[in-house]
Amino acid sequence: MSRAGTQAAIGAAMGAGGLLPDRMRQGDFFVCDIFDAIPKDDIASMEHPIFSLATRPDPRILDYEHNGARITVTPSVRGLATIHDKDILIFCISQLMAALNAGRQVSRTVHLKAHDLLTATNRETSGDAYRRLREAFERLAGTRITTNIVTGETETTTGFGLIEGWEIVRKTRGGRMVSVAVTLSDWLYRAVLSKSVLTLSRDYFRLRKPLERRIYELARKHCGRQPSWTVSVETLLKKSGSASPRRVFRKMLRDMIEAGHLPDYEMVEEPGDLIRFAPRGGLVESAARPPVLSKQALDEARRLMPGRDVYALEADWRGVWARSGAPRLRKPDAAFLGWVRKRAE
DNA sequence: CCTCTAGGACCCCAAGTCCA
DNA sequence: TGGACTTGGGGTCCTAGAGG
């Protein structure tokens, strides 16, 4: 099975720290046995607040308007889906993307092993965790959205749930949750098919604070690979979907800056009630400028490793570059492509 | 052996409330 | 106002043990 090699290569490249054990399975389902999928997130939901940051059932109806996009999010009586519930979507999307990248047939219904989901999203596997997983499914299915966001080439104006349906397949004895069939909403599914997804840091699942997760998403979406992204606290508050007053929100941001464990990005407060995000990496070696890659090099990398997120590759490579003492590169493109080729084998 | 269940103790968070 | 405290629910860690 050729995937074993791929997994080993990725495992080695990602570094040993906390990497999940090899739990490949021989399966008939085309999506479930791909465990090494890089976490993907849906771009539309990253840009607009859909998920609740609250730590208790959130009955609010969210209305949001930004650059002509309107979203109304209506919770069920169980409350809005939380940002933790989103882990399930991220997992599903990652499975779909992995299947797409492997050239397999995909459908809106994703079959997954509950245990895989829990371990992949850095959770425990206690009975309580399964119970909460179940509640998360219910919140996801119960949260209705009305939007005119365009994903792929279609503009959706109708209402739908975050997931359309889910089914737990239990073993007859013991009542254990063995596998789950999740049917994604059409909107999400189209987003995946059109590949409007971004790679998340694996450390995302280690973020505990809901607000930290949300802020990371926003930074990933808006800052991306740019040298920096500056945003007002006010706008950040609006984009995050936090229900806190601005002064409390600002305090939260300051606490986050203090803690400093936002993956990939550095956060700084600037005069005028602004927050600036900048990608980490070249920051340690500020004397040396990080190598700039041409678009051609990225295209070539895409060709060498089809299906992989080249920006993630670039970020990994920059990390390697920074760790090796940030040497000055005469031909960064060639160095990068050499590294990619080696990795593609 | 690994996976999973069960349950208790404890920790954390965002939001709500109080108070100078 | 703005800081400090409280609240209510979720998340985490831990142990012991069952089941496949």
Side-chain angles (χ1 to χ4, degrees), chain A residues 18-27 32-33 35 49-62 64 73 75-91 112-140 142-143 168-180 202-218 233-234 236-262 267 269 273 275:
Chain A
L19 199 70
L20 293 155
D22 186 342
R23 57 184 85 237
M24 280 194 300
R25 292 196 175 83
Q26 203 82 26
C32 294
D33 56 354
F35 197 68
I50 289 175
F51 295 89
S52 173
L53 305 176
T55 55
R56 62 186 70 187
D58 189 341
R60 289 179 301 155
I61 294 175
L62 301 178
Y64 192 72
V73 185
S76 71
V77 288
R78 296 174 187 278
L80 287 169
T82 71
I83 197 133
H84 288 291
D85 301 340
K86 191 179 186 180
D87 289 0
I88 294 172
L89 294 186
I90 294 173
F91 185 78
L112 50 90
K113 299 266 189 295
H115 185 251
D116 285 352
L117 192 158
L118 290 172
T119 50
T121 54
N122 204 29
R123 297 179 187 210
E124 53 173 7
T125 54
S126 67
D128 195 44
Y130 282 90
R131 186 184 54 74
R132 274 186 270 116
L133 182 60
R134 191 199 161 97
E135 289 171 358
F137 278 123
E138 293 186 358
R139 280 192 297 265
L140 283 172
T143 302
I168 294 177
V169 181
R170 285 175 177 276
K171 282 216 165 155
T172 45
R173 285 173 47 158
R176 187 187 304 165
M177 188 189 295
V178 178
S179 91
V180 187
R202 280 172 184 267
D203 287 336
Y204 173 84
F205 294 119
R206 291 164 64 185
L207 294 177
R208 176 163 190 169
K209 294 187 183 190
L211 185 63
E212 277 181 339
R213 291 182 166 211
R214 181 66 188 144
I215 296 293
Y216 170 76
E217 285 178 352
L218 290 170
V233 169
E234 181 71 43
L236 207 51
L237 172 60
K238 195 172 154 195
K239 280 183 183 290
S240 73
S242 166
S244 296
R246 188 165 13 140
R247 66 171 214 277
V248 177
F249 183 71
R250 191 183 298 115
K251 173 77 163 60
M252 290 169 167
L253 292 178
R254 284 176 181 160
D255 289 346
M256 278 182 58
I257 292 171
E258 177 93 16
H261 38 58
L262 199 64
M267 242 177 113
E269 185 175 6
D273 215 19
I275 302 289

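Every chain is numbered from 1 and lettered A, B, ... according to where its sequence line falls, protein lines coming before strand lines. FYI, side chains are in, hydrogens and waters are out, and symmetry mates aren't considered; it's all heavy atoms of this structure.
Proximity note for A:Ala243 (side chain, C-beta onward) versus C:dT1, B:dA15, C:dG11: the nearest is B:dA15. The side chain of A:Ser242 has B:dA15 as its nearest neighbour among B:dC13, C:dG3, B:dA15.
Using a 4.0 Å heavy-atom cutoff across all strands shown, A:Pro210 reaches sugar-phosphate atoms only and no base atom.
For the pair A:Ile215 CD1 and B:dC13 C1', the interatomic distance rounds to 15 Å; values are reported in whole Å. The CZ atom of A:Arg247 sits 11 Å away from the C1' atom of B:dG16 (whole-angstrom rounding). Distance A:Leu80 CG to B:dA15 P: 11 Å, rounded to the nearest Å. Spacing between atom CZ of A:Phe249 and atom C1' of C:dG3 amounts to 18 Å, rounded to whole angstrom units. One interatomic measurement links the two molecules: CE of A:Met252 to C1' of C:dG3, which rounds to 14 Å at whole-angstrom precision. Across the protein-nucleic acid pair, A:Ile83 atom CD1 and B:dC12 atom P stand 20 Å apart, rounded to whole Å. Rounded to whole angstrom, the span from the CD atom of A:Glu138 across to the P atom of C:dG10 amounts to 12 Å. In this structure, A:Arg246 places its CZ atom 13 Å from C1' of C:dG2, rounding to the nearest Å.
A sub-4.0 Å separation between OP1 or OP2 of B:dA14 and a side-chain N or O of A:Ser244 is absent.
Under the 4.5 Å side-chain criterion, counting only non-hydrogen atoms from C-beta, A:Leu211 is in contact with A:Phe249. Within the 4.5 Å cutoff, side-chain heavy atoms of A:Arg250 are placed close to those of A:Arg254. Looking only at side-chain heavy atoms (C-beta outward), A:Glu234 and A:Asp273 stay at 4.5 Å or farther from each other.
Taking CG from A:Leu253 and CD from A:Glu269, the interatomic distance works out to 8.0 Å, rounded to the nearest 0.5 Å.
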